[in-house]
Amino acid sequence: MSQFSAEAEAELQSLLRQLLKSIKDRISGAPSIECAEEILLHLEETDKNFHNYEFVKYLRQYVESSLGAVIEEETESCARGEGYAVGSVQDTLVHAVTRKTRESGEYKQMMQTLKNTMMVVVESLINKFEEDQLRKEEMHRESQHQQSNSHYTDNCSDSDSSFNQSYAFIKQEQLQVLAEKLDPSRPKEVRWEALQALCCAPPSDVLSCESWSGLRRNLSAALADPDPDLSDKVLRFFAKTFSCSPLNVTREIYTSLAKSLESDFLYHKLSLPTGSAGIDVNRQDITRLLKQMRLMNDFQKEVTTFWIRHPEKYMEEIIESTFSLLSLHPEHGLETQGSEKALKPMHLIALLDIKATWFKKWMHGYYSRTVVFRLLERKYKSLIVAALQQCIHYYDSCDPVRDETAEVIHSMEHQHIGTAQRTLYTTKELEYMYFVHSLCVLGRLLMYTNGRKLFPITVWKRKDPVSLTDLVVILISIMYQHPKPPHSDSSHADTLSPTTLVMELLRTLGDRTECAVECLYQTPVIETLLAPIITLLKGKQAKLNSPETTLIHIADTLARIATTERGLSLFLYERNLVSGEGEGISAAHVIVQFTQRLLAKELPLLRNAETSYGVSGAFIFVCRQMYNTCEGLQVLRPYGLHECIAAAWKKTSSLSERVPTPVPGAIPSTSSQELQNVVVWEETLLDNLLNFAATPKGLLLLQQTGAINECVTYMFSRFTKKLQVSRCEKFGYGVMVTQVAATAPGVVALHSSGFVQALVVEIWSVLECGREDVRVVHPKSTPMDPIDRSCLKSFLSLVNLLSSPHAVWELLGQQPLPNKAEYNLREMPTSVTDLIDRLIAVNSDVKIHSLFNYEQSHTFGLRLLSVMCCNLDSLLLLESQYNISDMLLQCQKDNITDPSSGEGDFIIDGLSVERNHILVRISVIGGPSERRLPLRVLQKGTDPYPWPMFSSYPLPKYYILNLPKTTRCKQDCEISAFLASTKNTEKDGSWMDTCRRQYCKVMTTKSNIVSGNVLADLLEKAVSHLSALPSERFFPPTDYIASGSGIKTGSLSSVDQLGIQASLRYGRHLNLLRDNSEQDLCLLMKHCQELLSQQRAKLTSELYTLQGAYPGHDWFASTVFLIMAGDMERALRLLLHLSTLLTSAFLWPARLHGSVHLPMEIAQSSIHPVYSCTTHYVEMLLKTEVPLVFSAFRMSGFTPSQMCVQWLGQCFWNYLDWSEICHYVSTCVVMGPDYQVYMCVAVLKHLQQDILQHTQTQDLQVFLKEEPIQGFRVSNYLEFMEGLERSYRTMVLTDMNNISQRVS
């Protein structure tokens, strides 16, 4: 394609003209030619539609046809290495092919041909442009000449534009003469000529003349004249005025027009004929009124754009004249059935603007809305009364059996006034238009507080005033009565149907909190919405003309109500909404029962498959808005809805396997279409099952259905497409992914779905792969933060994924690092192990050289390691498998000024600072006042990094804070005296109550007393007393005998050994242990493992966490050992007694690991009650008691349950000081296991300000995991926790007592 043909040039010219027209606004707005050229040069960067222009497509096709063969040949040549040498890293294959192509002869020939052709095309366009300009100027001169020498030919309508028409100046005397000529007594010809001359005068001159009042009367008379020539000429004058005059002028014209119309309606008293007869818009009097109303309506819709620039009185005059006209109605309201009804202005305005666009625009701005409400309230409330009366009249007269409304809707949506259109409108059609207009007006009023204040309203034939609730009930009833749309037009939008209009209104009200509270969250409204459902549940026929459509609309409305806090509370707890057989039940119970019946296909009316899918899906979605919250799941859980949905999914899944592979071009048969519907239904069920994972308890229910893998795979498919969770969700899948990753089966499902691999690849791409091949053209900005903004989101996603020790165990357990001898630069990691190997364990030159951005990528890995090591169980796994501390120490040793000799100063850089921080963090255990962590930033001054670095143990003492020596002697206090005074407590049932009172009293006055021997005695006495009471023993007592040589000779895992060493360091640091305590602690751990192994169920599972004993360290046993000051026998005795109490199930995580005391399916899931029960109620209480914190977690994509599992799993080690850890244990033992929930809520309440701040900085999860809990004291929040106990103990403790039962 070396040369362009004449046809090609013509086409190119047309395409270029089209391009220039498309960007005309951009070019014309340029201040200079140079700016216009810049706009064209950078059009591809600034115009998102650039590649959609036909001119650009044509050029691309031309280039491909001219150079395609050359590019292919050069690509093959370069790929084979012929004539291609790599000059630099950036001299890629693309650059080589591009360079060779541009040097080819074909390229030069193409460019020359294109240049010559474009010059011809552009020159031709310029010539045509000049010819067009000359022709336009000549035509303009001719038109001016004709206008100055002849009269107008008046055949145009009132809405024609007058911007291109000229005016002649006119004197006051001439206007006086014209006013006299317009007198109704003058002949028609004289009046017509006067009007013709008036149209040539400037409207401002006419309105400012002294004779305007008389002229106005005469114009009104001419407007009402039966002669269409005169009235049309007046309308032309009015239209000219509207189009080119300021508001102070046009308001006079508008009010004149409104008063004239008002007089017309009052004088003529037109009526609507009865029967099938209608109004013919070609009838002379109707035509005249319609033209005037149309001009008014056009002005009403346009005036809102500029009336704010003028005094309010002008706007008020326009609004008042409009309301005065539209409020005209017969004195006695609507006439009796059978008599003729009056034709009102509202009928015609509804015919012209059926959806009341004018009123919506007037209500949009506060400036005009205030005036509208003031006038409606003071003078024109009758306008609202009439609109309300019309809606009630439509409801009363609507016959659900006959389908007349459907015919009216169909005709109105397909026919309009105008040439070659229908001209006859029946009375029913006009009445229906009036109803639609009234409904739109009322809907707009209900959106605003002052509009709702107009209610209740007294209407004709109603004893009681109509309230807001009454109106909404009436509208919902109208929706029920609307007949089914004609089958022949099933694809039509049906936008004017009552159902569509009512649903639009209900959605609008539901989206606004105040509107929803006053209009929707009312008992009669909920009862009306649920009435058809209750009828169907009773096996009766609901009075619905189109049951399937109506039920879907009901479900949509219920779902919108359930998405809000107030609406959800109304559904769950308001028990007088629906009267059951014996007592009132809540709406939630009705909805879930109906949903179960739908899934079981027990409703005869909805047994059709396609219909059943739509209705069932809609009602499951309503339930989903409830069960994806903790409080909603609490109410719905007894119904086992998860099992119903799972059963439906399994049945549907077997059917979907029969779906044939679609063949391109083939017309799908009816059966294949049905199977496609089955596939969609299967995805709907999976989607709804997946949403159980929004809460900890729900995730356990999901796991029990056996569909967790399929649900997570479905979630991953939507997550990769960045799809919204649902139309009611504001956030994505972040929270759900975090919730799923907190459990072993969840993280395994994430791994098998490909989510983990996709996340790892995404992180690697951001860190190590550029945005494009050519960095020189668009260089990437140098990162200023340790975690660059470009990879922050990926970093937080990885932190969320690896937050739980279960995730670390499943993804890293027994997985060695590759540690390859060579790494390909194009080799990408695909697992978390690979990522650790490439970004964290960078312990060789090979790994360093394999990274393009070594410092940034390694910093990313070290920051990730720092967050992971905050979880002590994750730290022990990493240390036992990968020797993390040795690797970091070696890197520090290599980072000195003279590494060859092993001597010299440490080189202080970003990586050495990060390593030093991690080494201190993993080597020292302690709360906020027990250890000192080095900062990661340099200080100003002579010593930028005052924290000592080290490359070998022991740790510098600078990081270990000196603590006062703990006294173990008996302290003289009330609680000690109480414990000493009560020797035999086994048979004293009231002893525990007294003990609790004494404990609360001491904690609130002198909490520091509850430590040392006092604490040990208190725990020992309380646990001994509780374990002796049959009512308090939750687990059967064990026959374990703490003796035997086998225990002493047994071995401990490397994780346990590391945990013991950490516990001993902490105990010695606290001055609680002697130097020879190691053997005792090892013996205690062996006893605990033996005790728990005797109660472990025989499980067959592929989960790493269930392959033997508890995979982490028993931090609770270590805590008890420290409380008992290293007394092994005393600690073991306490643990043995505690193991019979419910408290041990939650306070001691290892206690129920794979235990026989749990139902087999729950033990098999490895989901601990601390997660499924404790953290579930933490989230529930948090939403009610500390809502800002709950919302902050939702926004950050993190969950309170993740953090609480970490805190509780390691007994708050590293987060609280030792004294507060002791108080946590004692409070849960003495006050009850439910205090574990209240403790977590209290901690999160204490951290509220920090949580809100770090939510804004997008590092909430990093802050919570890395930072200790500063300033928290259990004693300060004990009163708060007692308040939570009074409100929630019954619910929380009941569920805790049910952990040994099968979940439902």
Side-chain angles (χ1 to χ4, degrees), residues 258 261-262 265 270 272 278-279 281 286 289-290 292-301 304 319 322-330 333-334 341-364 372 375-376 380-398 405 408-413 415-417 425-448 451 454 457 459 466 471 474-475 478-479 482 494-506 508:
L261 276 166
E262 193 173 341
F265 275 98
L270 299 172
L272 293 172
I279 296 293
V281 296
I286 301 297
L289 292 174
L290 271 176
Q292 295 175 30
M293 292 290 286
R294 180 180 174 186
L295 183 59
M296 275 189 66
N297 186 244
D298 287 344
F299 180 76
Q300 289 166 354
K301 291 185 282 190
T304 55
I319 295 175
T322 305
F323 286 174
S324 178
L325 169 65
L326 297 180
S327 58
L328 288 177
H329 60 280
L334 292 169
K341 300 177 182 178
L343 178 68
K344 307 173 190 175
M346 288 299 296
H347 286 111
L348 297 188
I349 198 74
L351 180 60
L352 295 166
D353 186 6
I354 189 168
K355 287 200 172 182
T357 306
W358 67 274
F359 191 73
K360 292 177 183 177
K361 290 191 174 186
W362 284 16
M363 296 290 284
H364 181 70
V372 169
L375 289 173
L376 286 176
Y380 298 103
K381 198 169 184 178
S382 59
L383 194 63
I384 308 305
V385 173
L388 182 58
Q389 185 74 64
Q390 184 65 19
C391 291
I392 295 173
H393 172 70
Y394 177 80
Y395 167 64
D396 292 338
S397 61
C398 184
T405 303
V408 171
I409 297 165
H410 182 271
S411 62
M412 290 310 305
E413 288 192 329
Q415 303 292 339
H416 305 281
I417 301 173
Y425 290 87
T426 65
T427 301
K428 287 183 179 178
E429 288 174 343
L430 289 173
E431 287 290 327
Y432 184 74
M433 293 176 209
Y434 185 11
F435 158 70
V436 173
H437 190 276
S438 301
L439 181 57
C440 292
V441 168
L442 291 173
R444 191 58 50 168
L445 285 175
L446 297 184
M447 288 172 56
Y448 304 102
L454 296 172
I457 295 175
V459 296
V466 178
L471 174 58
I474 289 170
L475 296 179
I478 289 174
M479 179 178 72
H482 172 54
D494 206 20
T495 55
L496 294 179
S497 72
T499 298
T500 304
L501 296 168
V502 171
M503 281 305 300
E504 285 179 3
L505 175 57
L506 294 178
T508 302

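Counting only heavy atoms from C-beta outward, the side chains of L439 and V502 approach each other to under 4.5 Å. For the pair H347/M433, no side-chain contact is recorded, criterion being any heavy-atom separation below 4.5 Å from C-beta on. Using a 4.5 Å cut-off on side-chain heavy atoms (C-beta onward), L388 and S438 make no contact. Annotation: side chain of T357 is in contact with side chain of K361 (closest heavy-atom distance under 4.5 Å). Considering only heavy atoms from C-beta on, M479 stays 4.5 Å or farther from T500 through its side chain. By the 4.5 Å heavy-atom criterion applied to side chains, L471 and L446 are counted as neighbours. Side chains of H437 and Q390 form no contact here, defined as non-hydrogen atoms less than 4.5 Å apart. Using a 4.5 Å cut-off on side-chain heavy atoms (C-beta onward), L505 and L442 make no contact.
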Please assess I349 against Y434 for the test side chain to side chain contact (heavy atoms under 4.5 Å, CB included), listing each intermediate value before the final yes or no. CA-CA 8 Å; I349 198 74; Y434 185 11; over 6 Å; no
I would like to know whether Q389 and V466 meet side chain to side chain contact (heavy atoms under 4.5 Å, CB included); could you show each step before the answer? CA-CA 10 Å; Q389 185 74 64; V466 178; over 6 Å; no
As a quick check of understanding, evaluate side chain to side chain contact (heavy atoms under 4.5 Å, CB included) for Q300 and D353, giving each step before the final call. CA-CA 11 Å; Q300 289 166 354; D353 186 6; 5.7 Å; no
Residue pair L348, L430: steps toward the side chain to side chain contact (heavy atoms under 4.5 Å, CB included) verdict: CA-CA 8 Å; L348 297 188; L430 289 173; 5.7 Å; no
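Taking the six-membered ring for Trp and thresholds of 30 and 60 degrees, F435 and Y394 have nearly parallel ring planes, at less than 30 degrees apart.
Listed for the Q292 side chain is no donor-acceptor partner under 3.5 Å among the backbone atoms of L289. A donor-acceptor distance shorter than 3.5 angstrom exists from the side chain of Y448 to the backbone of M363, with no hydrogens or angles considered. Using modelled atom types, no side-chain atom of S382 and backbone atom of V385 make a donor-acceptor pair closer than 3.5 Å. Side-chain atoms of K381 come within 3.5 Å of backbone atoms of L454 as a donor-acceptor pair (strictly under, hydrogens ignored).
Going from atom CD1 of I279 over to atom CD1 of I286 covers 4.5 Å, rounded to the nearest 0.5 Å. The structure places CH2 of W362 at 6.0 Å from CZ of F323, a figure rounded to the nearest 0.5 Å. Taking CG from L352 and CG from L295, the interatomic distance works out to 11.0 Å, rounded to the nearest 0.5 Å. For the atom pair NZ (K344) and CG (L270), the distance works out to 13.5 Å, reported to the nearest 0.5 Å. How far NE2 of H364 is from OG1 of T304: 9.0 Å, rounded to the nearest 0.5 Å.
Qualifying ring-ring contact (aromatic ring centres under 6.0 Å, His included) partners for F265, counting only residues two or more places apart in sequence or in other chains: none.
Considering all non-hydrogen atoms of both residues, M346 and L326 come closest at CG-O, 3.5 Å. Closest approach of L376 and L445 over heavy atoms only: CD1-CD2, 3.9 Å. Counting all heavy atoms, side chain and backbone alike, L501 lies closest to L496 at CD1-O, 3.6 Å.
By the neighbour-count criterion of 12 heavy atoms within 6.0 Å, atom OH of Y395 is sparsely surrounded, having that number or fewer from other residues, nucleotides or ligands.
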